[in-house]
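All of these numbers come straight from a predicted model, not from anything done at the bench. Every chain is numbered from 1, with letters handed out A, B, ... down the list of sequences.
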Protein chains: 2
Amino acid sequence: MPATIRDVAKYANVGVGTVSRVLNNNPSVSDETRLKVLAAIKDLDYHPNPIARQLSTGRTLTIGVILPYLTMPSYVERLRGVQRALAGTEYDLILFSVESPAQRDAFFEDISRSPRADGILIISLPPEDQQARRLANSQVPVVLVDAYHPELCSVLIDDIQGGRMITEYLIQLGHQKIAFLGDYLETPFHPSMRYRFQGYQEALQEAGITYSPEYLAEGTNERSTARRLAKQLLSLENPPTAIFAGCDTQAIGVLDAAREMGIRVPEALSVIGYDGIRDAEYLNLTTVEQHLFDSGVEGVQLLLEALDQTIPEPRKKYIPIELVVRGTTAPPLA
Amino acid sequence: MPATIRDVAKYANVGVGTVSRVLNNNPSVSDETRLKVLAAIKDLDYHPNPIARQLSTGRTLTIGVILPYLTMPSYVERLRGVQRALAGTEYDLILFSVESPAQRDAFFEDISRSPRADGILIISLPPEDQQARRLANSQVPVVLVDAYHPELCSVLIDDIQGGRMITEYLIQLGHQKIAFLGDYLETPFHPSMRYRFQGYQEALQEAGITYSPEYLAEGTNERSTARRLAKQLLSLENPPTAIFAGCDTQAIGVLDAAREMGIRVPEALSVIGYDGIRDAEYLNLTTVEQHLFDSGVEGVQLLLEALDQTIPEPRKKYIPIELVVRGTTAPPLA
DNA sequence: TAATGGCTTGGAACCGGTTCCAGACGTAAC
DNA sequence: GTTACGTCTGGAACCGGTTCCAAGCCATTA
């Protein structure tokens, strides 16, 4: 049976308050007493029980992170940022991974009422209005990363602008036949794909290019699915000269398709991704870098600030995105 | 201020014990009383404080997972398995990510004495003898995944056999000049690379092939490093006809090097990886599949069993490995 | 000498649950 | 009518910390 603070107090012939003061570096303990207590702690191999401390202080020294199931490299990358930012602090990280909308809702419910964590970081899971309100009114501060709600702090990425940026760049290169290959746009989870698509459409419209529905390919976020969809796009009677892939993983699938079909990239087909995962660099893929790691770091920072304040106001922080031109884009063949 | 169990008791005109019994589905509560209590709980929007419950029951309903920094896809894949296996249980997952040997030691120290979690899962971080003893003697059950110590439960992978398997297969194809490209063998962290290398050496020896030190390339676990090292190997006066890469990421770097040097795979160079990460399938990479996801699942299962028993005995469970022959290996050119 | 105030200290009360013991009540058996 | 027993209930004690109040002690000051 591990020693308790009372055992230590008895052993050192002091009161429990004194032991507690020594543990918490309270200066109003005489050196003599402090040494006696420290010796007792050592003799008894005493280690304070964090649960008991949590109960009496009301702090859990834990940050809850809720994120979609760890399949996509981009989630992992954001999580790494969170992890790193938390490493220097006194907080531990408790991970809630969401595999379905129902589970997400359940977590949002639970979290907002049970003080399991001092703060909550929600990654890539935008809450609905009612949930957001609950979260905002709950005791624990909440920060969204890669998600937005007016009532909550968020670290966000302007996906509409990203979509425009890519499309404008392709148009500027001279492309007119630009396809969009992404996740299903109507997903209960995350609207970022919709935003990217919206940016794509806006840029087309501004350039006076008519949007053609046959240039839209939707599918699951997998390399193999993207490959299949890309083959369909490239087999059209009037195939696109550029494909805007909704994420880098899908762009890699597009590259697979092009290779298998003997279509040269970038000469005969420009391919552009979105995210800036590590593989993009190796594959020399043109992409929009959205600083995934940094978004995790910033999220933690916002949360730590919110933890300091008594009344956290809903702050927004944009992570800049940037177009990284590499080897998979070029002007179309004349 | 959230309602407490005493508020509920007062509101429902019952004792706190009764409320607690209702919360825990204790059958010895009359239906009438139960309904009264449930109504009070609803009226006050009461939710039990998990910390307080933890303190009085002694259970945290939390599993701690310690793993190296989330850079390698293989760690993430194991973590996903853990995550999934825990999803159906009442346990939450608290994540400790280790970035240095010193930090690893600190975690091992802390964990073995503070009851922060009901059980600990250690991934890919073999403890030293003294640490293992501490862990074994601590109150919390510990399971190692992808690591071994005689005194602890472990889910392990026979890396020596994996190394042999690969090498024997290459020899059987007719290769004699087989290089090994892996992490630094002398690492304070994880010996799996050493074991794979050992299997490689044993297989060579048994086939009567002299091991040549110039066919050993060590470097950090990064695709770009592997590419550089592979170029060096392939620029040797007498270059290898096959490269055994210590992990799939490194194998991908080898493929990069071959492509850049215009060396055809598998005709002029066989490349084989190790791990079975997802990309291996897409890249059509021959590899040793070690069922990373499953190892996480099995680890959790072992831990849950250990949590049930009062005296957990150190059990071992091997995850089978299997050679997956794909398109990057072939007999050498005559 | 008494009053004042600073420095230490002991320990009760508290955080919010669970558990267990004692007792109230009702019914059946003698 | 009393005993016995089962069912249900209240609440004190407990888990192991922190916090705060009261008080002891000593030196300084009036």
Side-chain angles (χ1 to χ4, degrees), chain A residues 1-41 44-62 90 110 113-118 139-140, chain B residues 1-41 44-62 90 110 113-118 139-140:
Chain A
M1 201 51 44
T4 73
I5 198 169
R6 275 162 249 267
D7 298 330
V8 174
K10 203 169 291 174
Y11 187 93
N13 273 316
V14 298
V16 288
T18 303
V19 178
S20 179
R21 280 183 283 264
V22 170
L23 289 174
N24 294 286
N25 291 314
N26 186 318
S28 66
V29 179
S30 72
D31 286 350
E32 189 191 1
T33 310
R34 181 182 304 277
L35 288 176
K36 246 188 348 188
V37 172
L38 289 174
I41 287 175
L44 298 177
D45 192 33
Y46 166 75
H47 297 281
N49 180 327
I51 306 288
R53 177 174 290 181
Q54 285 171 27
L55 181 58
S56 58
T57 58
R59 300 180 67 196
T60 65
L61 293 186
T62 294
E90 52 189 348
D110 272 11
R113 59 202 193 189
S114 300
R116 312 180 53 73
D118 293 341
Q139 303 297 318
V140 276
Chain B
M1 200 52 41
T4 73
I5 199 170
R6 274 162 251 267
D7 298 330
V8 175
K10 203 168 291 174
Y11 186 93
N13 272 317
V14 298
V16 288
T18 303
V19 178
S20 179
R21 278 184 284 266
V22 170
L23 289 173
N24 293 286
N25 290 314
N26 187 317
S28 66
V29 179
S30 71
D31 285 350
E32 189 191 1
T33 311
R34 180 182 304 277
L35 288 176
K36 244 187 354 186
V37 171
L38 289 175
I41 287 175
L44 299 178
D45 190 34
Y46 166 73
H47 297 280
N49 180 326
I51 306 287
R53 178 174 285 177
Q54 285 171 27
L55 181 59
S56 58
T57 58
R59 300 180 68 197
T60 65
L61 294 186
T62 295
E90 52 188 348
D110 271 11
R113 59 200 193 190
S114 300
R116 311 180 54 73
D118 293 341
Q139 303 296 318
V140 276

For [X], what residues pass the side chain to side chain donor-acceptor pair (under 3.5 Å) criterion, not counting sequence neighbours?
X: B:S30; value: B:T33
X: B:Y11; value: B:D43
X: A:N26; value: A:S28
X: A:N49; value: none

Taking OP1 and OP2 of C:dG10, is either one under 4.0 Å from a side-chain nitrogen or oxygen of A:T18?
-> yes
side-chain contact (heavy atoms from CB on, under 4.5 Å) involving A:V16 - partner list, sequence neighbours excluded = A:I5, A:R6, A:A9
Only counting residues at least two apart or in another chain, list the ones meeting side-chain contact (heavy atoms from CB on, under 4.5 Å) with B:N13.
-> none
Side chains of B:N24 and B:R53: does their closest heavy-atom pair fall under 4.5 Å?
-> yes
Could I get the full list of salt bridge (Lys or Arg N to Asp or Glu O under 4.0 Å) partners for B:E90, not counting sequence neighbours?
-> B:R59
A:D7 CG to D:dC14 C1', straight-line distance once rounded to whole Å | 14 Å
Between A:D31 (CG) and C:dT9 (P), how many Å, whole number?
-> 10 Å
End axis versus end axis in the helix from C:dT1-D:dA30 to C:dC30-D:dG1, the angle rounded to 10°, five pairs used at each terminus = 70°
Across the strands shown, which category fits A:N26 at heavy-atom distances under 4.0 angstrom: base, sugar-phosphate, nothing?
-> nothing
What's touching nucleotides 16-26 of chain D from the protein side, N or O pairs under 3.5 Å?
from	atom 1	to	atom 2	distance (Å)
D:dG16	N7	A:R6	NH2	3.3
D:dG17	OP1	A:Y46	OH	3.2
D:dG17	OP1	A:N49	N	3.2
D:dG17	OP2	A:I5	N	2.7
D:dG17	OP2	A:Y46	OH	3.3
D:dG17	O5'	A:Y46	OH	3.0
D:dG17	O5'	A:N49	N	3.4
D:dG17	N7	A:R6	NH2	2.7
D:dG17	O6	A:R6	NH2	2.9
D:dT18	OP1	A:N24	OD1	3.4
D:dT18	OP1	A:N24	ND2	3.1
D:dT18	OP1	A:R53	NE	3.0
D:dT18	OP1	A:R53	NH2	3.3
D:dT18	OP2	A:S20	OG	2.6
D:dT18	O4'	A:S56	OG	3.0
D:dC20	N4	A:R21	NH1	3.0

